Amino acid sequence: MLLMILMKSLVIGGLVGFAVGAGAARMFHAPTTQGMGAFRTLGELNSCEGDAASHFSFGLGFFFNAWASSVAAGAFTQDIDHRIIPHWGAAALMSRNKNIAETMHNPKKMAIACGLIGMVVVAFLNSTASAVPPSLQITAVKVLVPAANLLVNIIMPVIFWLAAIEAGKRSGFWGTIFGGLAQLIMGNAVPGLVLGILIGKGVDDGGWNKITKTMMSAVVLLFVLSAFFRGFDLEMIQSFNLAIPAWYELIHSTLK
Amino acid sequence: MTEFPSEELRTDFWFADWSFPFFVGLLSAGVFAGTHMYYVYGIGAFNEVAFVSMLRAGMDTGVYGAVAAFGASFLFARIIEGALVGILDVGGAIMTGVGLGIPAMFLGAGVTYPLDNFFPALATGMVIGCAVGGIIILARKFTMNQSNSTFGADVMMGAGNSSGRFLGPLIVITAISVSIPIGVGSLLGALGFYIWNKPITGGAILGAMLFGSLFPVAI
């Protein structure tokens with residue numbers, strides 16, 4: 001299994017590194033060229049002022065953090081694409097040529113250098129993380145899973161709900177309606193809150209135009225269909241102590 | 001942006017608009033396959049611990065609505081932003097959107113094939129990434145003249161990022177409820193990472209693991 005993980009990691013690291021390297025170099029030519037990375041990556045690459053050693057040590061600081069979370073939870077952190085690969089790629093190129101226009105700003109060279117570094121980094125992180133004894137991972141799972149459940153089921157709905165309310169009357173209104181419906185139908189309010197914010201802010205900025213109206217119809221359709229196919233409608237009628245009409249049950253049984 | 005003539009920036013493979021979807025496709029293929037690694041082996045997801053554990057929660061409960069909405073809202077927001085500013089944010093669009101949101105949608109719909117298998121994962125990621133890159137280039141061509149609204153993208157991302165911060169303290173709290181030694185270990189780990197100016201989530205988990213191996217609890 002370890003060999004399998006290693007092979008897959010080399011492929012994944014190569015792909016990601018190649019693309020991140022090319023995207024990072026393209027950022028230096030934005031907005032003429034569409035770049036890919038992040039503004040903070042651009043700023044941090046510039047802040048190293050073409051010095052290979054500072055690029056390397058900058059990446060190294062984040063590498064240890066990425067290693068710790070890979071071992072602990074199987075997550076590389078976003079820093080692997082934002083910081084470690086682009087900085088080490090730049091460091092590798094600059095150790096031979098100090099001219100940043102010919103190295104860090106060149107998508108071809110960055111893509112190749114970062115592709116190789118990505119292969120090594122991803123393979124290293126995955127093979128060391130998979131070597132952690134299972135007894136250790138049991139503890140991590142016992143702690144992490146309940147915490148993640150609390151995050152997803154309690155914290156996220158609350159934060160998104162408050163964000164919708166604080167973003168203005170309209171997004172608060174639609175967020176509350178759709179959030180509540182999503183909690184009822186889908187078991188989690190976050191999807192509804194996101195859609196409520198989307199519609200509320202869309203109408204705030206552009207009024208009820210073609211885009212927002214289409215969006216609204218799509219959202220209503222989404223809720224109606226998921227309520228129907230999850231059997232929420234039947235459950236609701238029964239919970240209110242009402243009888244389900246025979247023709248309605250017939251529609252359900254024929255469509256399923 | 002001085003040494004290359006602008007004509008070359010438009011036509012050369014490494015700079016052109018038409019090659020952008022290809023680069024996004026390669027990145028998405030890798031990141032989506034990283035999520036496959038996480039789904040199968042429990043390692044190798046390209047994201048923060050807090051965001052990956054949302055996917056973990058979905059895998060354990062079978063309810064993927066929250067993580068799917070979370071990822072999709074980031075993807076949507078970053079596509080709009082990327083087309084406007086000329087830099088696509090890799091963290092929000094690819095690592096969170098393509099790496100978590102879209103797999104969560106697949107899994108929520110009961111489609112496990114692209115996540116169970118390596119090469120289908122690569123292919124799925126490639127197709128999705130090319131689509132994302134293509135949408136951005138198209139949006140750039142029309143420079144978003146349809147609408148100048150961001151549709152609350154900033155609100156959603158603000159909420160998304162602040163919910164990630166809750167995981168560290170939550171881990172310490174659940175570690176303490178598992179057993180006293182694991183709780184103490186988690187607390188010390190979090191404190192150490194805090195002093196070291198790192199996010200406390202990683203330290204809290206490592207501390208819990210270390211003390212859990214010294215003082216094991218019955219499952």
Side-chain angles (χ1 to χ4, degrees), chain A residues 8 12 15-16 18-19 22-23 27 29-38 65 68-69 72-78 81-82 101 107-108 126 129-130 136 139-140 142-152 155-156 159-160 163 167 186-188 190-191 194 197-198 201-202 205-206 211, chain B residues 1 3 6 9 14-15 17 20 23 26-27 29-31 33-34 38 41-49 52-54 56-57 60 63 65-66 69 73 86-91 95 118 147 149 151-152 155-156 158-159 162-163 166-167 170-171 174-175 178 198 202 205-206 208-209 212-213:
Chain A
K8 288 180 180 180
I12 291 172
L15 285 170
V16 168
F18 185 88
M27 286 200 298
H29 308 281
T32 321
T33 297
Q34 175 75 41
M36 182 167 72
N65 196 34
S69 23
F76 285 154
T77 74
Q78 293 189 353
D81 282 2
H82 278 318
K108 189 178 174 185
N126 269 345
S130 63
L136 281 179
T139 317
K142 267 185 84 105
V143 174
L144 192 57
V145 168
N149 279 329
L150 282 174
L151 183 73
V152 169
I155 306 281
M156 279 180 66
I159 288 182
F160 275 79
M186 305 165 186
N188 195 303
V190 175
V194 166
I197 296 171
L198 197 69
K201 295 307 275 184
D205 295 341
I211 302 175
Chain B
M1 52 183 79
E3 74 280 13
S6 61
L9 288 187
W14 295 98
F15 294 99
D17 271 354
F20 183 71
F23 289 120
L26 288 184
L27 180 58
V31 169
Y38 186 76
Y41 308 109
I43 53 166
F46 279 86
N47 222 319
E48 305 297 330
V49 175
V52 173
S53 54
M54 289 178 196
R56 170 98 254 164
D60 288 323
V63 181
S73 63
I87 294 179
L88 173 66
D89 184 86
V90 164
M95 291 192 270
F118 182 61
S147 161
S149 171
F151 293 101
V155 178
M156 292 174 218
S162 58
S163 46
F166 279 70
L167 189 65
L170 280 176
I171 286 175
T174 49
V178 172
K198 299 283 170 199
I205 302 173
L206 285 180
M209 283 166 82
S213 66

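Order of the sequence lines fixes the chain letters, A, B, ..., with proteins taken first and strands second; residue numbering starts at 1 for each chain. In this text the structure is predicted, and so the values were computed from the model without any measurement.
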Drop me the distance from [X]'s [atom1] to [Y]'s [atom2], to the nearest 0.5 angstrom.
X: B:Phe15; Y: A:Thr33; atom1: CZ; atom2: OG1; result: 6.5 Å
X: B:Phe20; Y: A:Gln34; atom1: CZ; atom2: CD; result: 4.0 Å
X: B:Asp89; Y: A:Gln78; atom1: CG; atom2: CD; result: 7.5 Å

Yes or no on side chain to side chain contact (heavy atoms under 4.5 Å, CB included) for B:Tyr41 and A:Asn126, after CA distance, side-chain angles and deciding distance? CA-CA 10 Å; B:Tyr41 308 109; A:Asn126 269 345; over 6 Å; no

Is A:Phe160 in contact with chain B via its backbone, its side chain, both, or neither, using a 4.5 Å heavy-atom distance?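 Contact with chain B is through both the backbone and side chain of A:Phe160.
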
Under 4.5 Å from any heavy atom of chain B, what part of A:Ile155 do you find: side chain, backbone, both or neither?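 Just the side chain, heavy atoms under 4.5 Å.
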
Can you list everything that forms a ring pair (Phe, Tyr, Trp, His ring centres under 6.0 Å) with B:Phe23? Sequence neighbours excluded, please.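 B:Phe13, B:Trp14.
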
Using a cut-off of under 4.5 Å for heavy-atom pairs, which of B:Ala57, B:Gly65, B:Gly212, B:Ser213 has the most such pairs with chain A? B:Ala57

Greatest number of non-hydrogen atom pairs under 4.5 angstrom with chain A, of B:Gly44, B:Ala175, B:Gly34, B:Ser73, falls to B:Gly44

Taking every heavy-atom pair that is under 4.5 Å apart, which of A:Ala163, A:Ala68, A:Pro191 has the most such pairs with chain B? A:Pro191

Partners meeting side chain to side chain contact (heavy atoms under 4.5 Å, CB included) with A:Thr77 (sequence neighbours left out):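 A:Thr77 satisfies side chain to side chain contact (heavy atoms under 4.5 Å, CB included) with A:Ala66, A:Ser69, A:Asp79, B:Glu48 only.
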
Under the side chain to side chain contact (heavy atoms under 4.5 Å, CB included) criterion, do B:Val31 and A:Val16 qualify, and how do the steps go? CA-CA 7 Å; B:Val31 169; A:Val16 168; 4.2 Å; yes

Just do the side chain to side chain contact (heavy atoms under 4.5 Å, CB included) check on A:Phe76 and B:Met95 with the steps written out, would you? CA-CA 10 Å; A:Phe76 285 154; B:Met95 291 192 270; over 6 Å; no

Looking only at non-hydrogen atoms, find the nearest pair between B:Leu206 and A:Ala72 and report the distance.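 Smallest interatomic distance, heavy atoms only, reads CD2-CB, 3.8 Å.
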
A:Ile159 and B:Ala159 have their tightest heavy-atom pair at CG2-O, 3.6 Å

Under a 4.5 Å cut-off applied to non-hydrogen side-chain atoms, are B:Arg56 and A:Val152 in contact? no

Audit row: A:Asp81, B:Leu27, side chain to side chain contact (heavy atoms under 4.5 Å, CB included) steps and yes/no: CA-CA 10 Å; A:Asp81 282 2; B:Leu27 180 58; 3.9 Å; yes

